[in-house]
Amino acid sequence: MQDFFHFPPRHGLPGSGVYHLDRAHVDVIQSLPKGQTFIEIGCGGGQMRDWVKAEGHTYLGTDISTERVHDWLQESGGADILCDAHALPFRDDSAAVIYSAAVWEHLAFPHLAAQEAARVLKTGGMHLGSMSFLEPWHDASYFHMTPLGVYQTLTLAGLRPLFIWPEREWHAFRAILEMGNKATRAMRFLGRFANGFYLSPKVAQHVLKHRKWPAQDDLIQPRAITAGAIKWIAVKDG
């Protein structure tokens, strides 16, 4: 596939840390000069606030509601601004980073939200995010996108994808069991076995053909086919 369809050097959710924050996104944020404006779309409880401020940046968390968030996330203080992701109340070219984790699937018009993100970003600014692919229908989700769907949404908004990749540990086998109901959640450990069984022929084919164990990008296509969520890093060019 295209050059953007690769795993970043570091990726995945750490064992402990900020809810939903991927290592690849951490690396982008930590590479920025201090004092940047960081806007989170669909911030929930504002759980990113303390971490972003500790990195030396200005944090603005936005959401459409104060109620559609887990109780334990509300302890982080909630949104700074209540607004619609389709019509952000920010000036053009005013933010260095726009971050939206597990948000686009809940928007009526994700293409419009991507255009708004591109409008608000400075030249050279970064859009970091994730969204559902094969997760179950949940919490009024509207759109679940393939990697190419994410690519089209970003590029139509005028953003250039640097990386689009499947979340390795959040595959459909796990997502369906964990997000199904109480009975399936108790069997979520089976998702790991199902995913291993699914990938094993691809691993065997690669070993037989190349006489070596596959690198992570060698399996990105089969992992993407059954991904629960897709992630991205995109830039606004001049």
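We number each residue from 1, following the sequence as shown.
Surrounding CZ of Arg185 are more than 12 heavy atoms belonging to other residues, nucleotides or ligands, all under 6.0 Å away. The 12-atom threshold is exceeded at CD of Gln216, counting heavy atoms of other residues, nucleotides or ligands nearer than 6.0 Å. The number of heavy-atom neighbours closer than 6.0 Å to NZ of Lys209, taken from other residues, nucleotides and ligands shown, is 12 or below.
The closest side-chain heavy-atom distance from Met131 to Ser100 is not below 4.5 Å. Side-chain contact between Met145 and Glu105: absent, with no pair of heavy atoms (C-beta onward) separated by less than 4.5 Å. The closest side-chain heavy-atom distance from Phe90 to Ile81 is below 4.5 Å. Counting only heavy atoms from C-beta outward, the side chains of Val150 and Thr153 never approach each other to under 4.5 Å. Using a 4.5 Å cut-off on side-chain heavy atoms (C-beta onward), Cys83 and Pro89 make contact. Side-chain atoms of Asp139 and His106, non-hydrogen and from C-beta on, do get closer than 4.5 Å to each other. You'll find the side chain of Val207 reaches within 4.5 Å of the side chain of Trp213, heavy atoms only. In this structure, Arg168 and Phe7 have side chains that are in contact, with non-hydrogen atoms separated by less than 4.5 Å.
Within the 3.5 Å criterion, the main-chain N or O of Ala96 finds no donor-acceptor partner in the side chain of Lys122. A donor-acceptor pair under 3.5 Å is absent between the side-chain atoms of His127 and the main chain of Ala117, judged by distance alone. Of the possible polar contacts, one joining the His138 side chain to the Pro136 backbone as a donor-acceptor pair under 3.5 Å is found. One N or O on the side chain of Glu116 and one on the backbone of Leu88 form a donor-acceptor pair closer than 3.5 Å. No donor-acceptor pair under 3.5 Å is formed between the side chain of Asp22 and the backbone N or O of His11. The closest donor-acceptor contact from the side chain of His57 to the backbone of Gln36 lies under 3.5 Å. Checked by atom type and distance alone, the side chain of Thr58 never pairs as donor or acceptor with a backbone atom of Thr37 at under 3.5 Å. For Asp218 (side chain) and Ala215 (main-chain N/O), a donor-acceptor pair under 3.5 Å exists by modelled atom type.
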(request) Take Glu167 and Arg223 through the test side chain to side chain contact (heavy atoms under 4.5 Å, CB included) and record every step on the way to the result. (result) CA-CA 8 Å; Glu167 187 170 336; Arg223 288 188 186 278; over 6 Å; no
(request) Take Val52 and Glu55 through the side chain to side chain contact (heavy atoms under 4.5 Å, CB included) test and state the conclusion after the steps. (result) CA-CA 5 Å; Val52 171; Glu55 292 296 321; 5.7 Å; no
(request) Determine, step by step, whether Tyr99 and His20 satisfy the side chain to side chain contact (heavy atoms under 4.5 Å, CB included) criterion, reporting the C-alpha distance in whole Å, the side-chain angles of both residues, the deciding distance to 0.1 Å, and the verdict. (result) CA-CA 11 Å; Tyr99 175 81; His20 277 317; 4.3 Å; yes
(request) Test Ile230 against Thr146 for side chain to side chain contact (heavy atoms under 4.5 Å, CB included), laying out the working first. (result) CA-CA 7 Å; Ile230 306 298; Thr146 68; over 6 Å; no
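Classification of the Tyr59-Phe38 ring pair by plane angle, with boundaries at 30° and 60°, yields parallel.
A single hydrophobic cluster is not seen to contain both Leu199 and Phe133; linkage of ILVMFWY side chains at heavy-atom distances under 4.5 Å, directly or through other members, places them apart. Met179 is not connected to Tyr19 by any chain of hydrophobic side-chain contacts under 4.5 Å among Ile, Leu, Val, Met, Phe, Trp and Tyr, and they are in different clusters. One hydrophobic cluster, built from ILVMFWY side chains closer than 4.5 Å, cannot hold both Val203 and Phe173; they sit in different ones. Residues Val18 and Ile41 share a hydrophobic cluster, clusters being chains of Ile/Leu/Val/Met/Phe/Trp/Tyr side chains in contact below 4.5 Å. Taking hydrophobic clusters as Ile, Leu, Val, Met, Phe, Trp and Tyr residues chained together by side-chain heavy-atom distances below 4.5 Å, Ile220 does not share a cluster with Ile225.
Scanning all heavy atoms of the two residues, the minimum distance from Ala101 to Ser130 falls at CA-OG, 3.5 Å. Nearest heavy-atom pair across Tyr198 and Pro222 is OH-O, 2.7 Å. In terms of heavy-atom proximity, Leu177 sits nearest to Met187 at CD1-O, 3.4 Å. Contact between Ala157 and Ala118 at its shortest, heavy atoms only, is O-CB, 3.2 Å. Of all non-hydrogen atoms in Pro166 and Ala227, the two that sit nearest each other are CB-CB, 3.6 Å. For the residue pair Thr226 and Leu134, the shortest heavy atom distance occurs at CA-CD1, 3.7 Å.
Lys231 NZ to His25 NE2: the interatomic distance, rounded to the nearest 0.5 Å, is 6.5 Å. To the nearest 0.5 Å, atom CG of residue Leu21 and atom CZ of residue Arg23 are 10.0 Å apart. Rounding to the nearest 0.5 angstrom, the gap separating the CG atom in Asp63 from the CG atom in Asp84 is 10.5 Å. Put simply, CG on Leu219 and NZ on Lys202 are 9.5 Å apart, with the number rounded to the nearest 0.5 Å. Taking CZ of Arg49 as the reference point, atom CD of Glu40 lies at 9.0 Å (rounded to 0.5 Å). Here the CZ-CD distance, from Arg119 to Gln115, works out to 11.0 Å after rounding to the nearest 0.5 Å.
Between the side chains of Trp170 and Glu135, at least one donor N or O lies within less than 3.5 Å of an accepting N or O.
For the ring pair (Phe, Tyr, Trp, His ring centres under 6.0 Å) with Trp232, the lone residue among Phe163, Tyr151, Trp104, Phe5 that qualifies is Trp104. Under the side chain to side chain contact (heavy atoms under 4.5 Å, CB included) test applied with Leu121, the options Val235, Asp92, Asp93, Leu159 reduce to a single match, Leu159. Shown are Ile29, Ile98, Leu162; of these, the side chain to side chain contact (heavy atoms under 4.5 Å, CB included) with Met126 is made only by Leu162.
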